[in-house]
**Student:** 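One structure coming up, written as structure tokens, with questions to follow.
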2 protein chains.
Amino acid sequence: MSEGRRERADAVRNRRAILRATEELLAGRRPEQISMEQIAAAAGVGKGTVFHRFGSRTGLMLALMRERALDLDEAVRSGPPPLGPGAPARERLYAFLDAVVEVVGRNKSLLAELDHAAGTAAPSTGEAPPTAHPVYLGWHAHLSALLAELRPDLDTELVAHLLLGSLQSNPLLRLLEQGEGRRIAGTLRDVAGALVDR
Amino acid sequence: MSEGRRERADAVRNRRAILRATEELLAGRRPEQISMEQIAAAAGVGKGTVFHRFGSRTGLMLALMRERALDLDEAVRSGPPPLGPGAPARERLYAFLDAVVEVVGRNKSLLAELDHAAGTAAPSTGEAPPTAHPVYLGWHAHLSALLAELRPDLDTELVAHLLLGSLQSNPLLRLLEQGEGRRIAGTLRDVAGALVDR
DNA sequence: ACCGTACTGGACCGCCGGTCCAGTTGTCCA
DNA sequence: TGGACAACTGGACCGGCGGTCCAGTACGGT
């Protein structure tokens, strides 16, 4: 994927403008009420440019989500404990759940959009694999690993899906919207704790 | 809501035809790939009729979901134990989780559609309350009550959302599609069990 | 200064959910 | 039995969306 050609300066400028514009619009309205044309207008570019850079609506949203999830990703991979490596698995688990709830809370609408978009795949080879988005996959891998360390007897892959999936569901996103983040983080801890402290 | 006027015979016939047609189409493709026009054609009626009877796409999907969830609802409210009243709360909890997984499994695509539609409310009074659909609310109420009986110290409302929400998430629905229902039911039992058997 | 190429933007396309209304049909009452 | 009225019907129609296309533009290496 690494191009030999450098990216042109105006292309960079426009890509950033589009991402910023999307962020601003997203802060005000629900994502399904924002059209690609509005985004283009807000960014001061043509609609064609938006699609040229991001491929599709989903591609744009995904790019934005990647950007937003980068910090957490780095903190988990090489940051200081307890989020990063070095702390005991249980501490890392709790820290990670708290962090995920926080990130999800700051990106509810984006996640709702991506979750829905996951079903709509490219019509290229007839039946494209409708995988979850990369950000989710990363979270899931990390969570599975932590759980497996603590309870190797469980179906940790599935438990990780259960824990993360619940955060993506509409009722939870609604609560997050109402600032119930701390309450959710606490209860998620209770649930995970019940699983882990046997 | 109880009308004094009886429903006309042809209206009943058409309503059933539309629901059946929707079911058949839903069995073959993902719901977002089915247009209202296709449904109308498959049912042998005009598009106007579909909207007249169900109000909107969401209304139609909801009507279908209600129909599908009726059996479980009755079994829980007045059926034999352990699903119905009479069994100890723990048994009822396990039985209910199993039953919900089964119903969700038979209606994944429908639920995905409704979950997404929950965000898009009627543009009537500016900002309509984007509540979850009635079927979900019913399940949530029942599950909350059972949990509260077993662990009154927990935030059972929220735990119920976590358990049910996870089933609505895309990754889980994907697994359900691949026939992993039993695996999911089992793990859900493990999670609930860890919470309840302290 | 020049040239090739990647980038740009807005007209355009097909489709979708939803509306409208003129015509039809079931139902009730006399 | 028949007539009148409301409820139902269906397909033409609408605004708007995501996505495509391509002629024109402007960047950046040489």
Side-chain angles (χ1 to χ4, degrees), chain A residues 1-19 21-22 25 29-64 113-114 116-124 128, chain B residues 2-19 21-22 25-26 29-64 113-114 116-124 128:
Chain A
M1 278 297 173
S2 61
E3 305 298 324
R5 241 342 179 229
R6 268 190 58 227
E7 192 179 17
R8 254 169 61 170
D10 55 342
V12 174
R13 195 176 349 111
N14 279 341
R15 199 185 59 234
R16 289 193 181 142
I18 292 166
L19 286 173
T22 307
L25 288 180
R29 308 179 219 198
R30 310 206 119 246
E32 58 262 16
Q33 295 174 13
I34 300 174
S35 72
M36 296 300 275
E37 208 143 347
Q38 283 169 27
I39 291 173
V45 303
K47 192 158 64 144
T49 303
V50 179
F51 280 93
H52 182 70
R53 298 240 64 81
F54 296 100
S56 70
R57 180 189 180 83
T58 303
L60 169 59
M61 299 299 181
L62 183 54
L64 195 51
E113 174 91 16
L114 286 176
H116 172 243
T120 319
S124 50
Chain B
S2 62
E3 305 300 324
R5 241 345 180 225
R6 268 191 58 227
E7 193 180 16
R8 255 168 63 168
D10 55 343
V12 173
R13 196 178 346 112
N14 278 340
R15 198 186 60 235
R16 289 196 178 138
I18 292 165
L19 286 172
T22 307
L25 288 178
L26 227 37
R29 308 180 218 196
R30 310 205 119 245
E32 60 260 17
Q33 295 174 15
I34 300 174
S35 72
M36 295 300 276
E37 208 142 347
Q38 284 169 27
I39 291 173
V45 303
K47 193 160 60 143
T49 303
V50 178
F51 280 93
H52 181 70
R53 297 240 63 80
F54 296 99
S56 71
R57 179 189 180 83
T58 302
L60 168 59
M61 299 299 180
L62 183 54
L64 195 50
E113 174 91 16
L114 285 177
H116 172 244
T120 319
S124 50

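Letters go in sequence order (proteins before strands), and every chain restarts at 1. Quantities reported herein were computed from a predicted structural model and do not represent experimental measurements.
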**Student:** Rounded to the nearest angstrom, tell me the gap between atom CD in B:Glu7 and atom P in C:dC28.
**Tutor:**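 One finds 13 Å between P of C:dC28 and CD of B:Glu7, rounded.
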**Student:** Could you tell me whether the side chain of A:Thr49 and the main chain of A:Val45 form a donor-acceptor pair under 3.5 Å?
**Tutor:**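 Not confirmed, A:Thr49 side chain does not pair with A:Val45 backbone.
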**Student:** Hey, are the side chains of A:Gln38 and A:Arg29 touching, using non-hydrogen atoms and a 4.5 Å cut-off?
**Tutor:** yes
**Student:** In whole Å, what is the span from the CE atom of B:Met36 to the P atom of C:dC16?
**Tutor:**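 Rounded to whole Å, this separation is 12 Å.
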**Student:** Rounding to an integer number of Å, can you tell me how far A:His52 NE2 sits from D:dC21 P?
**Tutor:**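 Atom NE2 in A:His52 sits about 14 Å away from atom P in D:dC21.
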**Student:** Measure CZ/B:Phe51 against C1'/C:dC21 and give the value in whole Å, please.
**Tutor:** 17 Å
**Student:** Looking at D:dA7, I'd like to know if its phosphate oxygens (OP1 or OP2) sit under 4.0 Å from a side-chain N or O belonging to B:Arg8.
**Tutor:**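 No, no such contact exists.
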**Student:** Nearest of D:dG19, C:dC7, D:dT9 to any side-chain atom of A:Arg53?
**Tutor:**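 The closest nucleotide is C:dC7.
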**Student:** Rounded to the Å, how far apart are A:Arg57 CZ and D:dC17 C1'?
**Tutor:** 9 Å
**Student:** If you assign B:Gly55 and B:Ala9 each to the DNA chain C nucleotide with the nearest heavy atom, which residue ends up on the more 5' nucleotide?
**Tutor:** B:Gly55
**Student:** Reading DNA chain C from 5' onward, which residue's closest nucleotide shows up sooner: B:Arg13 or A:Lys47?
**Tutor:**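 In this pair, the answer is A:Lys47.
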**Student:** Closer than 4.0 Å, any side-chain N/O of A:Thr49 to the OP1 or OP2 of C:dG9?
**Tutor:**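 Yes, such a contact exists.
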**Student:** Rounded to whole angstroms, how far apart are CD1 on B:Ile39 and P on C:dG18?
**Tutor:** 11 Å
**Student:** Counting only side-chain nitrogens and oxygens, does A:Asn14 get under 4.0 Å of the OP1 or OP2 atom of C:dT8?
**Tutor:**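 Yes.
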**Student:** Any Lys/Arg nitrogen of A:Arg30 or A:Glu113 sitting under 4.0 Å from an Asp/Glu carboxylate oxygen of the other?
**Tutor:**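 The answer is no: the pair does not qualify as a salt bridge.
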**Student:** Would you tell me if any nitrogen or oxygen in the side chain of A:Arg15 comes within less than 4.0 Å of OP1 or OP2 on C:dC7?
**Tutor:**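 Negative; the distance criterion is not met.
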**Student:** Between A:Arg13 and A:Glu7, does any NZ, NE, NH1 or NH2 come within less than 4.0 Å of an OD or OE carboxylate oxygen?
**Tutor:**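 Salt bridge absent between A:Glu7 and A:Arg13.
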**Student:** Starting from the 5' end of DNA chain D, give me the residue, A:Gly48 or A:Ser35, whose nearest nucleotide shows up first.
**Tutor:**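 Of the two residues, A:Ser35 wins.
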**Student:** So, applying side-chain contact (heavy atoms from CB on, under 4.5 Å) with A:Phe54, which one of A:Leu64, A:Leu60, A:Leu62 is it?
**Tutor:**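 Among A:Leu64, A:Leu60, A:Leu62, the one meeting side-chain contact (heavy atoms from CB on, under 4.5 Å) with A:Phe54 is A:Leu60.
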**Student:** To the nearest Å, give me how far apart CZ (A:Arg30) and P (D:dC17) are.
**Tutor:**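 Interatomic distance, CZ of A:Arg30 to P of D:dC17: 18 Å.
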**Student:** What is the distance, to the nearest angstrom, from the CZ atom on A:Phe54 to the P atom on C:dG9?
**Tutor:** 14 Å
